[in-house]
Every structure is written in C-alpha cells, then in structure tokens.
Amino acid sequence: MASQHGVSRVVGGTDAQPGAWPWIVSIQDPWKTGTGHTCGGSLISPQWVLTAAHCFIEARHITMWRVVVGATRLTQLGPEAQVRTIKRLLVHEHYSNITQRNDIALLELDQPVQCSYSIQLACVPDASLRVSELTTCYASGWGSTTARCEFPKSTRSTDVLQEAKVRLIDVNLCNSSGWYRGAIHTHNLCAGYAQGGIDTCQGDSGGPLVCKDNNADYFWLVGVTSWGKGCARARRPGVYTSTQHFYDWILAQMGLRPAPPGT
C-alpha cells in the first residue's frame with residue numbers, strides 16, 4: 001500500500017516458491033526502468049486479469065504494456081512464463097482517485113494464456129461465500145520490501161515474488177478512531193496485523209489477497225490490493241477492494257451476464 005492512495009509491496013514477507021501463486025501476473029510499463037513492473041494482477045480467465053483502477057491513472061499507450069504470467073523472478077523469466085499485451089482496459093465507471101472508491105479494473109489480454117502447473121486461474125467468490133470466516137490468507141507481489149513506501153513515486157521493487165501471511169481485520173475496527181477513521185468503504189477489506197510489520201506496499205497494487213477455503217484445499221481471490229497509510233504501520237493495515245462485492249460487475253464486463261441496472 002502506499003500513502004493515502006496507491007499501494008504497495010510486501011513488507012515482512014518471504015520469497016515465494018515457483019508456482020505457489022499461479023494466478024499472479026506482473027503488469028509492466030515498457031517506458032519504466034528495469035523490468036517495467038508497475039502493478040500486480042490476478043488471472044481470472046485465460047484472457048482476463050483483475051487488478052486495481054489506480055494503477056492506470058497516468059497510463060499511456062496501454063496496448064503496448066506487457067502482462068507477464070507464470071513468473072516468479074521478473075529478471076529471469078523461465079520457459080513456463082507467458083507474455084501478453086493488453087487489448088482492453090476496463091476501469092470501474094465509478095472509480096474515484098480521491099477516495100479510492102471502486103478501485104477495481106479488468107484487463108482483456110490480446111491472446112488467451114495456456115494454463116499449466118505454474119499458470120492457473122484464481123476463483124472469485126460469489127455472495128454465498130462467508131469471506132469474514134476465512135482465517136488463512138496471503139498477500140503477494142513484487143513491490144518494495146522495505147517499509148519506506150511513498151506513493152506514488154516509489155519505483156522500488158523486488159525481483160523475486162514475495163508472499164506474506166496476513167489476517168482479515170474487521171472493517172468496523174479498521175474504520176475506527178486510531179485506525180482509518182471512516183476512510184474504509186463497505187466494499188473494502190482490511191488485512192494485516194494490528195501491530196504492523198507485515199503488509200503490502202508500492203508495486204503490489206492490483207495484486208491478489210487470497211484466503212484458503214475452510215473446507216477444501218484451494219484459495220479464493222477475496223481482495224485486490226488497493227491502498228494504505230504507509231506500509232506495515234501499526235493500526236494501518238492494507239486496504240483491499242472486495243472481489244465478492246464486485247462479482248456481478250466483473251462478470252458483466254467479461255460479457256458473462258447482463259450489466260446490472262444503473263451502470
């Protein structure tokens with residue numbers, strides 16, 4: 001996460017093993033130095049990536065950006081990695097870069113990716129899943145790994161994908177005085193630790209917050225990394241966009257169901 005707006009990297013995390021998070025993608029701006037890594041995202045169908053709207057506030061020539069799938073180390077893409085370009089960017093029509101309300105976006109890739117051991121689809125929960133009851137959750141990304149995150153200019157990022165176990169924090173607590181004081185929307189999730197120390201940060205924006213199903217051996221994509229105050233501070237956990245809240249919007253954008261009324 002990052003100061004009041006954009007996010008993030010994983011602080012206090014560890015190197016992820018290859019194939020551990022097979023839906024995560026690196027969204028890369030070819031005009032940015034190094035690997036060009038700008039944000040994370042999650043593959044939710046062979047041709048669609050779910051990410052954060054704020055990643056594209058100043059984006060230009062979006063069809064020339066790269067999306068790298070199946071990677072762990074960005075400077076050494078293995079044979080399992082696949083690279084695509086962006087055919088379409090769909091930002092939520094009510095996204096606000098001031099309040100970070102509706103901070104969600106979809107990318108349609110130019111060509112579908114081929115699923116494999118290291119490339120799998122993330123599962124977006126519908127209204128029937130009780131997300132608040134999930135206890136084993138992880139954030140992941142290639143963002144900065146130190147807590148000196150200053151949005152939006154930080155370009156620090158790590159070469160190896162990082163992961164960190166986090167806890168979902170009750171939104172009412174997260175919104176209370178001494179925490180975020182009413183800045184959290186009903187469509188947000190908070191995750192991290194009250195004492196700080198482990199969090200997402202710049203470069204992790206748009207990436208996945210996943211929680212293991214309580215009764216089965218798979219993960220749900222419950223959040224998209226959105227923002228935070230600093231990184232890994234006490235009572236300033238990471239703020240995520242709830243994918244469950246936007247389930248119908250996601251399907252409508254992908255053409256899988258009619259758009260909801262009023263959009």
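The model shown is predicted, which means the values in this text are computed figures rather than measured ones.
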Checklist line | Hphob cluster co-occupancy, L77 + L43, side-chain heavy atoms under 4.5 angstrom | finding: no
Notebook entry, point to check: Is it true that a side-chain atom of T241 and a backbone atom of D103 form a donor plus acceptor pair closer than 3.5 Å?
Noted result: yes
Next item on the list: Say whether Q120 and W21, considering side chains only, have a donor N or O and an acceptor N or O under 3.5 Å apart.
Entry: no
Next item on the list: Under the side chain to side chain contact (heavy atoms under 4.5 Å, CB included) rule, what do N175 and L173 come out as? Steps first, then yes or no, please.
Entry: CA-CA 5 Å; N175 236 352; L173 173 61; over 6 Å; no
Margin query: Please check: side-chain N/O of S96 versus main-chain N/O of T99, any donor-acceptor pairing under 3.5 Å?
Written below: yes
Next item on the list: Would you name the heavy atoms of P30 and M64 that are closest together and state the gap between them?
Entry: CG-O, 3.4 Å
Item checked: Any V222 side-chain heavy atom under 4.5 Å of Q244 side chain -> no
Notebook entry, point to check: Hey, what do you get for CD (Q253) to CG (L107), rounding to the nearest 0.5 Å?
Noted result: 12.5 Å
Next item on the list: Look only at the side chain of Y193 and the backbone of A234, and say whether a donor-acceptor pair between them is shorter than 3.5 Å.
Entry: no
Notebook entry, point to check: Any side-chain heavy atom of C55 sitting closer than 4.5 Å to one from S205?
Noted result: yes
Check: Is there a path from V83 to I119 through hydrophobic residues (I, L, V, M, F, W, Y) whose side chains come within less than 4.5 Å of each other?
Finding: no
Next item on the list: Of all the heavy-atom pairs spanning S132 and L168, show the shortest one and how long it is.
Entry: CA-CD1, 4.5 Å
Margin query: When you measure from the side chain of T225 to the backbone of G207, do you find a donor-acceptor pair of N or O atoms at a distance under 3.5 Å?
Written below: yes
Margin query: So, taking the atom named CG in L50 and the one named OG in S42, what distance separates them when rounded to the nearest 0.5 Å?
Written below: 6.5 Å
Check: What's the shortest heavy-atom distance between W249 and L90, and which atoms?
Finding: CH2-O, 3.8 Å
Notebook entry, point to check: Does anything in residues 104-113 pair up under side-chain hydrogen bond (donor to acceptor under 3.5 Å, both in side chains), and if so which pairs, sequence neighbours excluded?
Noted result: T85-D110, R88-E108
Check: What distance separates L256 CG from S45 OG, expressed to the nearest 0.5 Å?
Finding: 7.5 Å
Check: Would you find a donor on one side and an acceptor on the other, under 3.5 Å apart, between the side chain of H185 and the backbone of H187?
Finding: no
Item checked: Value rounded to 0.5 Å, distance of CG in D159 from OG1 in T35 -> 7.5 Å
Notebook entry, point to check: Roughly how far apart are I44 CD1 and C123 SG, rounded to 0.5 Å?
Noted result: 10.5 Å
Checklist line | Co-membership, hydrophobic cluster, residues V25 and I86, 4.5 Å side-chain | finding: yes
Note to self: Looking at every non-hydrogen atom in both residues, tell me the closest pair between V239 and C190 and how far apart they are.
What the structure shows: CG2-SG, 4.5 Å
Next item on the list: Taking the side chain as every heavy atom from C-beta outward, state whether P237 and C174 have any atom pair closer than 4.5 Å.
Entry: yes
Note to self: For S140 versus I24, what's the shortest heavy-atom pair and its separation?
What the structure shows: OG-CD1, 3.6 Å
Check: Does any N or O in the side chain of N102 come within less than 3.5 Å of the main-chain N or O of H94, such that one atom is a donor and the other an acceptor?
Finding: yes
Next item on the list: With side chain to side chain contact (heavy atoms under 4.5 Å, CB included) as the test, would you mind laying out the steps for T63 and K87 before giving the verdict?
Entry: CA-CA 6 Å; T63 55; K87 179 179 175 182; over 6 Å; no
Next item on the list: Output every pair passing side-chain hydrogen bond (donor to acceptor under 3.5 Å, both in side chains) with a member in residues 206-219, not counting sequence neighbours, ordered by first then second residue.
Entry: D213-W220
Check: Where do N188 and S242 land on the side chain to side chain contact (heavy atoms under 4.5 Å, CB included) test, with the steps shown first?
Finding: CA-CA 5 Å; N188 287 138; S242 164; over 6 Å; no
Checklist line | Hydrophobic cluster membership, W23 vs W48, 4.5 Å side-chain cutoff | finding: yes
Note to self: To the closest 0.5 Å, what do you measure between CD1 (I169) and OH (Y180)?
What the structure shows: 9.0 Å
Next item on the list: Compare all side-chain heavy atoms of V69 with those of V67 and state whether any distance is below 4.5 angstrom.
Entry: yes
Margin query: Quick check: do Y138 and L209 have side-chain heavy atoms less than 4.5 Å from each other?
Written below: no
Check: Side chains of S226 and H54: donor-acceptor distance under 3.5 Å anywhere?
Finding: no
Next item on the list: Would you name the heavy atoms of W65 and A59 that are closest together and state the gap between them?
Entry: CZ2-CB, 3.7 Å
Next item on the list: Spell out, yes or no, whether L109 and V68 are grouped together once hydrophobic residues are joined by side-chain heavy atoms under 4.5 Å, including indirect joins.
Entry: no
Notebook entry, point to check: Hey, does the side chain of S26 reach the backbone of L74 with a donor-acceptor pair shorter than 3.5 angstrom?
Noted result: no
Checklist line | F56 side chain reached by Y95 side chain, heavy atoms, under 4.5 Å | finding: no
Notebook entry, point to check: Do side-chain atoms of T38 reach the backbone of G36 as a donor and acceptor pair under 3.5 angstrom?
Noted result: yes
Notebook entry, point to check: Under the 3.5 angstrom rule, does the side chain of Q162 hit a backbone N or O of V160 as a donor-acceptor pair?
Noted result: yes
Check: Where the side chain of R236 meets the backbone of W179, is there a donor-acceptor pair that is under 3.5 Å apart?
Finding: yes
